[in-house]
Amino acid sequence: MRQVAWLAAAALLVVGCRPERNWEHRTERYALEVPAHVASYTGITLEAPTAAEVELGRHLFYDPILSADGTVSCASCHLQEAGFSDPNAASVGVNGGVGDRNAMAVVNLAYDEAFFWDGRRSSLQGQAHDPVVHPLEMASTWPAVEERLREHPDYPQRFFEAFGNLDVDSTQVTRALAAFETVLVSFDSPFDAYFYGGDTDALDSAALRGFELYFGEAECVHCHAGPLLTDQTFKSNGLDGSVTDPGLGAVTGLQADLGKFKVPTLRNIAATAPYMHDGRFATLAEVVEHYNSGVDSLAPNLDPDMHSYEEGLFLTAAEKADLVAFLESFTDAAFLSNSRFAAP
Ligand code: HEC
Ligand code: HEC
């Protein structure tokens, strides 16, 4: 009897010592808005993550707590004003480590099935594991990250609200990051207003002439197509006569994939300089000149759709400027400054 009383008292004491918790597992969905034509084109209706997962993911995305020395966050290399890409050709990680590829734009990625320039990851959640432990990026270990988050004054509550438990592990971290990335949708540019919204005033005359080139003579639409402005394949667009970076070939081990890279979206492309997997072009004018006169016909596995570029497009200076003007119409200004996507 005495023992029971003692146990009860001890239990009370333990309960009494716990910090006060009015935490709740929040299951309401994030209000995700995607135009109907995107679902009909892609055949994908995105399932909105919960608002609590998105909020947690946003905190994690902007928090250098994921890096070994607390100096680098996802947002260090994926800047909102740069369409969640990096204005540096090569990104700088912890201890000044420099990678060899250009950081990709994080936008509309919930529609994709292959991630990184070489497609080595097949899910957004899987992708999010890699930068945390990459020696040139965040150079952390998962046990260290999990411990820091568990001991943090605010994160345990955020994890509880998102997941209803206090596991605070790598699975939850990457799930939350993927939830935040899922809501980074951008379909609201002058191009969209013109093409999908029927607003004939949305593009000026230069952009309209560029539109004709993009869908016509310059054939960009072969690969940068549909509302995602990518066909989501891996191709060679003829940058180099010999392979400098094997791209998809290193992942599949196939000779036929050497030198192929993810066809990137052109969403917000005017904001995401520099361009290509190695950031070799500083401006859109340089990119257009590549397609106009720089395609290397010796490039291994050059895409069949690139053959019409091999001889050159012979665009006039005015036509090249028009094409750039059209590419600039892919800028979704509201996306680039949306406070819901900014640092919390
Ligand atoms: C030090 C810079 C750096 C940091 C930090 C970084 N990234 Fe990246 N990110 C890159 C680079 C570079 C690539 C392309 C690498 C490649 O293809 O090999 C990339 C690619 C990606 C992609 C693939 C996009 C696509 O279209 O396939 C996603 C998603 C992404 N990063 C999300 C994140 C998240 C989430 C974090 C934080 C956990 C993060 N990144 C941290 C530089 C960085
Ligand atoms: C055969 C497919 C194909 C065609 C046609 C094509 N592209 Fe590309 N584009 C790609 C691929 C693949 C890449 C990435 C190549 C790399 O980095 O190695 C790319 C990259 C780009 C980039 C850089 C994107 C970034 O995030 O760095 C821009 C801009 C671009 N293309 C614009 C155009 C324009 C404009 C046209 C028409 C003149 C065009 N593309 C035609 C396949 C194509």
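Everything numeric here is computed off the predicted structure, so don't read it as measured data. Atom set for the values below is all heavy atoms of this structure, side chains included, hydrogens, waters and symmetry mates excluded. Both counts, for ligands and for their atoms, begin at 1 and track the order of listing.
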Apply ring pair (Phe, Tyr, Trp, His ring centres under 6.0 Å) to Phe281 and His290, showing your working.
CA-CA 9 Å; Phe281 298 132; His290 162 68; 5.8 Å; yes
Give one line per pair: atom of ligand 1, protein atom, distance. Only N/O to N/O under 3.5 Å.
{"unit_1": "ligand 1", "atom_1": "7 (N)", "unit_2": "His78", "atom_2": "NE2", "d": "2.9"}
{"unit_1": "ligand 1", "atom_1": "9 (N)", "unit_2": "His78", "atom_2": "NE2", "d": "3.1"}
{"unit_1": "ligand 1", "atom_1": "17 (O)", "unit_2": "Trp117", "atom_2": "N", "d": "2.9"}
{"unit_1": "ligand 1", "atom_1": "18 (O)", "unit_2": "Arg101", "atom_2": "NH1", "d": "2.9"}
{"unit_1": "ligand 1", "atom_1": "18 (O)", "unit_2": "Arg120", "atom_2": "NH1", "d": "3.0"}
{"unit_1": "ligand 1", "atom_1": "18 (O)", "unit_2": "Arg120", "atom_2": "NH2", "d": "3.3"}
{"unit_1": "ligand 1", "atom_1": "26 (O)", "unit_2": "Lys262", "atom_2": "NZ", "d": "2.9"}
{"unit_1": "ligand 1", "atom_1": "27 (O)", "unit_2": "Phe116", "atom_2": "N", "d": "2.7"}
{"unit_1": "ligand 1", "atom_1": "27 (O)", "unit_2": "Lys262", "atom_2": "NZ", "d": "2.9"}
{"unit_1": "ligand 1", "atom_1": "31 (N)", "unit_2": "His78", "atom_2": "NE2", "d": "3.0"}
{"unit_1": "ligand 1", "atom_1": "31 (N)", "unit_2": "Gln127", "atom_2": "NE2", "d": "3.3"}
{"unit_1": "ligand 1", "atom_1": "40 (N)", "unit_2": "His78", "atom_2": "NE2", "d": "2.9"}

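- Within ligand 2, the atoms closer than 4.0 Å to a non-hydrogen atom of Lys235 are 2 (C), 12 (C), numbered from 1 in the order shown.
- Remark: distances from the non-hydrogen atoms of Phe281 to ligand 2 are all 4.0 Å or more.
- Atoms of ligand 2 found under 4.0 Å from any heavy atom of Leu266, numbered from 1 in the order shown, are 28 (C), 29 (C), 30 (C), 32 (C).
- Considering backbone and side-chain atoms alike, His224 places an N or O below 3.5 Å from some N or O of ligand 2.
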Ring pair (Phe, Tyr, Trp, His ring centres under 6.0 Å) between Tyr194 and Phe211, intermediate numbers included
CA-CA 10 Å; Tyr194 174 79; Phe211 173 96; 5.4 Å; yes
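- Near Tyr309, meaning under 4.0 Å from one of its heavy atoms, ligand 2 places the atoms 5 (C), 37 (C), 41 (C).
- For the salt bridge (charged side-chain N to carboxylate O under 4.0 Å, His left out) with Lys262, the qualifying choice from Asp231, Asp112, Asp118 is Asp112, the only one to do so.
- Heavy-atom proximity to Glu219, at under 4.0 Å, picks out these atoms of ligand 2: 5 (C).
- One finds no salt bridge joining Glu55 and Arg26 here, because no Lys/Arg side-chain nitrogen approaches an Asp/Glu carboxylate oxygen to under 4.0 Å.
- Judged by the shortest distance from any of its heavy atoms, Val287 lies inside the 4.0 Å radius around the atoms of ligand 2.
- Under the 4.5 angstrom side-chain criterion for Ile, Leu, Val, Met, Phe, Trp and Tyr, the cluster partners of Leu258 are Val243.
- Which parts of ligand 2 touch Asp303 is read off a 4.0 Å heavy-atom cut-off, strictly below it: atoms 1 (C).
- For the pairing with Glu319, the side-chain contact (heavy atoms from CB on, under 4.5 Å) check across Glu212, Arg209, Glu217 returns one residue only, Glu217.
- Only the side chain of Ile269 comes within contact range of ligand 2, with a heavy atom under 4.0 Å; no backbone atom does.
- Neither the backbone nor the side chain of Leu313 comes within 4.0 Å of ligand 2, counting heavy atoms alone.
- Taking 2.8 Å as the threshold, Cys220 does not count as a candidate ligand of atom 8 (Fe) of ligand 2, since none of its N, O or S atoms lies below it.
- For ligand 2, none of its N or O atoms has an N or O atom of His222 under 3.5 Å away.
- Under a 4.5 Å side-chain heavy-atom criterion applied to ILVMFWY residues, the cluster that includes Leu136 comprises that residue alone.
- Contact annotation: for Tyr291 versus ligand 2, heavy atoms closer than 4.0 Å belong to the side chain alone.
- If you check the side chains of Asp257 and Thr252, you find a donor sitting under 3.5 Å from an acceptor.
- For ligand 2, the atoms closer than 4.0 angstrom to any heavy atom of Leu239 are 16 (C), 18 (O).
- A heavy-atom distance below 4.5 Å is found between the side chains of Ile269 and Tyr275.
- Here Asp245 pairs with Arg101 in a salt bridge; the nearest charged N to carboxylate O distance falls below 4.0 Å.
- The other members of the hydrophobic cluster of Trp117, by chain and number, are Met104, Phe261 (side-chain heavy atoms under 4.5 Å, ILVMFWY only).
- Geometrically, Arg58 does not engage Phe61 in a cation-pi contact, judged by NZ or CZ lying under 6.0 Å from the ring centre and within 45° of the ring axis.
- Among the atoms of Asn237, no N, O or S atom is found under 2.8 Å from atom 8 (Fe) of ligand 2.
- In summary, the side chains of Asp86 and Ser91 do present a donor paired with an acceptor at a separation below 3.5 Å, with no hydrogens or angles considered.
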